[in-house]
Structures are given as C-alpha cells and as structure tokens.
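The structure appears below as structure tokens.
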Amino acid sequence: MPEGPELHLASQFVNRVCSGTVFSGRVEKSAVSKNCEVPFSCAAYLISAVSRGKEVKLTLTPIKEEDGKEDTKLDAAEGGNTLPAPMDITFRFGMSGSFKLTSEDEVPKHAHLKFFTKGKPVQVLCFVDPRRFGSWEVNGTWQLDRGPCVLLEYEKFRSNVLSNLSDRAFDKPICEVLLNQKYFNGIGNYLRAEILFRLKVPPFEKARTVLEPLLCKEVAAELTLSKKLKLKLENPDLLELCHMLPMEVINLDGKGYDPEHSDGSSAFEKWLRCYYVDGMQLLRDSNGRTIWFQGNPGPMAPKASKTPKAKSWRRKAVDESGEKSLLSPEDSKPRKGKVKPERQKTPKVPKDLPQKRPRSAKAAKEQIAEGLQTDAGTGKRTTRRSRKRMAAEPSPPAEAAKESEIPNKRPRKSRTKSGKGQKAPLERTNPGESLD
DNA sequence: CGTCCACGTCTAC
DNA sequence: TAGACCTGGACGG
C-alpha cells in the first residue's frame, strides 16, 4: 500500500481502530524479519500514529489503569507505579507494508510486528509486509534526508523544492526527480505518472526546466488573493498537484493502492487516469522503473528504451470530455501498432472468468501449513483481474523516437534475478525461514 | 514448470 | 548505475 496517501491512510486507520483501545504486554517481532526487536513491554498502553511522506510513526503511550487492579508484573523493572517511557517507532512500508487489525487466530501470514490488546477477545495490530522491504526503527525520528511531506507540509515542501533548484538533482528528468524523497517525500510511481499526465508534462523533460518557471510565479502576483486562488484551483502547477493528487486519493473511499482487492472497480482504480491505463505509453526510466505517460516522452528519454510489457490490472481511460465514444467493437485486438490515445468510456469490466489456476504444489503446501483457507467456499483468495496483454509498443505518438537499429532484443535489464544462475542457494537452511 | 512484474529503498563496486 | 533484498500473482509453454 505504499505511497504517501497509503501511508497517511494507514496512520488514520491506526488512530481509528486504536482509539480508546488499551494494549498490553510485549511487542512481538517475527523470526524472519531482519528489523530490530521492539523492546517495549507494558501492562497498559495506547497506540497512536502520524504520517509524513512515506513514513508512519507509531507512538506507544503507557497509561495508568483506573480499575486499580493493574498487574504490575509486566512493567516490573520499575518498582511499583512508575510508567515506562513512551516509545516511537518509525515505519517505512517498502513495496508491500500495511497495518491490519485482526483476531488472534486470524493473524496474517507475513505479520512481522504485533501489538496485542488487553481486552478480550484479544485483537492484534499487525504490521504486515509480504516482501519484507519495509522497515522500522525504534525511537527514531523521521528519516533525515527526506523532505517535507507533500500532503501535510505543503508550503515547506514547495519552498524546499523551489529554493534548491540549483541542486544537481534537478538536472535529471522530471519523472525521476519526482521519486527523489529528499524533495518529493510521499510521491511514488503511480503519483508521478498521474501528476505529469494531468499537466501533460513530458516525463523526460529536464526537471529544472519544468520547475524554474514556478519561481517567477512566486514573486509576481499583483493579483488579488481571490484571483490567485481561482487561478490556483483552475490551473494547479506541478508542485500543487504533488499535494492535490495525494489529497484526492485519501479522500476516495477505500485504501488507495490495493492490488489485493482490485477488480477494476474500486474508487482508486477509477481515479487513475494514466498509471496502468490502457492506451498509455510506458518506458523504463534510468533506474529501471516503469513510467506511464501520454504524448511526448521528452528530450531526455532513454534511447534504446527497454520496453516493459505491462499486464493490465485494470484498464480504462477516462474521457474527460464526457459522454462519447463507445468502445469500438474490435477493441479486443492486440492493437499492435499505434495506440491512439483514444479512450473508452466503459470501465471494461474484467471478464470474470474464475480462471481456475492450478496452484503450485509448493504454494498449496504452504497454505496447508499455514492453515489458510483458500478458494474453498468462503475464502476468495483468487484475484480476478483480467490481465490482458498490454499491446502498447511505446509507439511514440508524433514519432517522437527514432527506433534505434538495435534489434528488438529488449535488453531486459536483468533486474535482480537474484538467486539465479551463479548465486548459490545460501542460507536457505535457516530454520526460521518457514516461520514467515 | 518458468519468466516477468509489482506501490521502494539501500549499499557496494 | 547495477544489483540486492523478497513474495506472489499473472501468464506462457
């Protein structure tokens, strides 16, 4: 779940479900997680959360229980009635982190940190993170080198960018700079695509070129306040969109980016206009990340670009001009050549073929081991996104890129292929591994 | 079965 | 600027 909006929604979630709830005992870390233990134990404490960009901070606050009968055994170390000190834990979510609240016997696989309620039935607040790219730090502050939050510290964020445009960081293409958390704390891959799309800024235009004009804008302003406001609302600039779009996401119903529960119809999926939308182009940026966009890629576009083939997870393109073209009947064609920025109105509901997929033996085994129920009856663990092949060769619209004569080899930037080829099995023997 | 892809950092050459 | 770090879903053979 993790760009700025998802982190913020996570903090709201924690505050909502934990308000008035007393937690108790120790904080448990999974054996597999390489993150630090959380040395906190208390007979009674509260949990609250705040977010900043792509981080969330939980605060554990010991409290005195009113009912008299406190069992002081747990916070023994301090004699008698001294409460332990509060503790902050700062989380980053990596690619797959989230918080969930469950009953004790429904604790999800990949729950790597657990907080237990005092009351019965015991509930568990879990930090769940299948890929384990997420991390936490105890008694840490916000990570140094991350800039102000695009959501909650907009003015600071804006001036941090505009007063540092001489930084070499802004020599890079705007689409890459938007992922630089020193300046754009909270922006991630879907937000950068949506931001650039709304302004039709070529993703590989140099960042400074795009942002410098906003400097004059700062000073100018002979305008009345109301005029400025109007202008701003009607023509938000790029930095304003870095605030507004995340705001839009947190105000949707739902949890923001959430592939687990995506069927093409969630508010979030309908909100997307570019990222993973049918008909959009895509390229790999110099860090190997896929940038979705429409129109001119811009002067700094990678030359013999590796063309990621995307699968679709949902696929529609909103036609802002309202009612119009119904889907052309032969839309289901792979559309090899030009992908016209034509859009279809209909959300293109997934075919909904249950897609009986033989689960791998290994997976099945794990499921059994974990005692998870699967598609049997209740458990609807099968996701049904009709992933159709993305037919969009980058086919730059106005012939923006001369095809390099490099055979269409698709260099396939060997991304990580870890554990491949030469790499020895290594520590596969770790007994804790199966506990994940 | 295998390959590719995914909301993000990190550190090591 | 490459990998490394991970799991799991979709899809191809």
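Below, chains carry the letters A, B, ... as their sequence lines are ordered, and counting in each starts from 1.
At dG8(B), none of the side-chain N or O atoms of Gln181(A) fall inside 4.0 Å of OP1 or OP2 (strictly under the cut-off). A sub-4.0 Å separation between OP1 or OP2 of dG8(C) and a side-chain N or O of Lys109(A) is present. For Arg132(A), a side-chain nitrogen or oxygen approaches OP1 or OP2 of dT7(C) to under 4.0 Å. For Thr290(A) and dC5(B), the shortest distance from a side-chain N or O to OP1 or OP2 is not below 4.0 Å.
Across dC5(B), dG8(B), dT9(B), the shortest atom-to-atom separation from the side chain of Tyr276(A) is found for dC5(B). Here the side chain of Arg284(A) is nearest to one of dA6(B), dT9(B), dT7(C), namely dA6(B). Between dG8(C), dT9(B), dA6(B), one nucleotide has an atom nearer to the side chain of Met95(A) than all others, and that is dA6(B).
Side chains of Asn15(A) and Ser48(A): no donor on one and acceptor on the other come within 3.5 Å.
Atoms CG (Asn287(A)) and P (dA6(B)) sit 14 Å apart, rounded to a whole Å. In this structure, Asp285(A) places its CG atom 14 Å from C1' of dA2(C), rounding to the nearest Å. If you measure from atom CG of Asn189(A) to atom P of dT9(B), you get 11 Å, rounded to the nearest angstrom. The CZ-C1' distance, from Arg192(A) to dA6(B), rounds to 13 Å in whole Å. Distance Glu6(A) CD to dA6(B) C1': 13 Å, rounded to the nearest Å. Arg289(A) has its CZ atom 18 Å from the P atom of dA4(C), to the nearest Å. Remark: P of dG8(B) and NZ of Lys182(A) are 20 Å apart, rounded to the nearest angstrom. Rounded to a whole Å, the CG atom of Leu178(A) is 12 Å from the P atom of dG8(B).
Ion pairing between a basic and an acidic side chain is recognised when a charged N comes within 4.0 Å of a carboxylate O; Glu248(A) and Arg198(A) show such pairing.
A ring-centre distance under 6.0 Å is found for Phe127(A) and Phe99(A).
Of the possible donor and acceptor atoms, none in the side chain of Ser51(A) sits under 3.5 Å from a partner among the backbone N and O of Leu7(A). Here the side chain of Asn160(A) pairs no donor or acceptor atom with the backbone of Lys156(A) at under 3.5 angstrom. Formation of a donor-acceptor pair under 3.5 Å by the Glu176(A) side chain with backbone atoms of Ser286(A) is found in this model.
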Produce the list of close N/O pairs, under 3.5 Å, pairing protein atoms with atoms of nucleotides 10-13 of chain B; give distances to one decimal.
residue: dC10(B); atom: OP1; partner: Arg92(A); partner atom: NH1; Å: 2.7
residue: dC10(B); atom: OP2; partner: Gln143(A); partner atom: NE2; Å: 3.2

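Of the two residues contacting DNA chain B, namely Arg131(A) and Leu179(A), the nearest-nucleotide position lying further toward the 5' end is that of Arg131(A).
Separation of the C1' atoms belonging to dC10(B) and dG8(C) is 23 Å when rounded to the nearest angstrom. One C1' atom belongs to dT9(B), the other to dG9(C), and the distance between them is 22 Å to the nearest Å.
Figure legend: Lys270(A) and Phe268(A) shown without cation-pi pairing, the cationic atom not lying both under 6.0 angstrom from the six-membered ring centre and within 45 degrees of its axis.
Note on ring orientation: taking the six-membered ring where Trp is involved, the planes of Phe115(A) and Phe23(A) are perpendicular (angle over 60°, cut-offs 30° and 60°).
Side-chain contact between Pro297(A) and Leu283(A): present, with at least one pair of heavy atoms (C-beta onward) separated by less than 4.5 Å.
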Could you provide the dot-bracket string of DNA chain B, using ( ) for intrastrand pairs, [ ] for crossing pairs and | for bases paired to another strand, with Watson-Crick or G-U pairs below 3.5 Å?
||||||.|||||.

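A ring pair (Phe, Tyr, Trp, His ring centres under 6.0 Å) with His243(A) holds for exactly one of Phe157(A), Tyr154(A), Phe184(A); it is Tyr154(A).
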